[in-house]
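Reading through the structure tokens given below for one structure.
Counting starts at 1 for both ligands and their atoms, in listed order. Just so you know, residue 1 is the first one in the sequence shown, and it goes up from there.
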Amino acid sequence: MDKISSDIKQPRIPVEINDIQVNFCKNPLCQNYGVPASTESQVKLHKSQKDCYKLSSGSRKPVTKLICKSCNELFPVKSNQGIWDELQRIEEYLKETPEVSCPDNSCKNNLISIKLGKEFYQSFGKTKSGSSRYRCKSCKKTFSVKQSTTGQKQPHKNNLIFKLLMNKSPLRRICEVADVGMATVMQKLIFCINSA
Ligand SMILES: [Zn+2]
Ligand SMILES: [Zn+2]
């Protein structure tokens, strides 16, 4: 993912990406819930300076799990970059035009929207202009979906929604504050739950 890091000391846990840091205790009843683990090595720190987490594999890399010292909850270390990428992907997905189907009139998928998913279509990368490409599973033809919103990403909204979700804001409030629909918030919420 990050090719410039080879000569730089590896952080203890993945560093924050675009204000996203998901490596904290996932136990809602714990005082450390939502308190991110430190990215700095804890080895030389005095006891009072250490954060509230232990690494399950000592100081050996790659680190896979963190243990909360308060509640002993064990949770896998997640890539913030991966989460960010996934949020971007969801955003893209939500922008897709709903009524696109296989353009071949003689194909039985001709009237079946790509929204119906994997059973009928396979995601097939992107065109040079950034439009999503699909392959029809029936006739094997590929086609792309022109998106009027391609290139108009709103990453600041992702950050905002993610933060509001992490702060347990009511969903209606999130819609208001981020100026998005409930469907958008739900998608991101489902993703957050799955990745927690
Ligand atoms: Zn905890
Ligand atoms: Zn087809």
Walk me through it: do Arg12 and Asp51 pass the test salt bridge (charged side-chain N to carboxylate O under 4.0 Å, His left out)?
-> CA-CA 12 Å; Arg12 177 172 176 249; Asp51 73 357; 2.8 Å; yes

Qualifying residues under side-chain hydrogen bond (donor to acceptor under 3.5 Å, both in side chains), relative to Thr127, sequence neighbours excluded | Ser129

Residue pair Val15 / Thr39: nearest heavy atoms and the distance that separates them | CA-CG2, 3.9 Å

Members besides Leu74 in its Ile/Leu/Val/Met/Phe/Trp/Tyr cluster (side-chain heavy atoms under 4.5 Å) = Ile67

Around the Zn ion (ligand 2), what protein N, O or S atoms are found below 2.8 Å?
-> Cys102 SG, Cys107 SG, Cys136 SG, Cys139 SG

Does the side chain of Arg172 come within less than 4.5 Å of Met182's, by heavy atoms?
-> yes

For the Zn ion (ligand 1) the protein N, O or S atom count under 2.8 Å stands at 4

Correct closest heavy-atom pair for Phe143 and Val100 would be CE1-CG1, 3.7 Å

Looking at side-chain heavy atoms only, is the closest gap between Asn27 and Cys71 below 4.5 Å?
-> yes

Mark yes or no: Lys26 above the aromatic ring of Phe24, with NZ or CZ under 6.0 Å from the six-membered ring centre and no more than 45 degrees from the axis.
-> yes

Roughly how far, to the nearest 0.5 Å, is SG of Cys102 from NZ of Lys140?
-> 11.5 Å

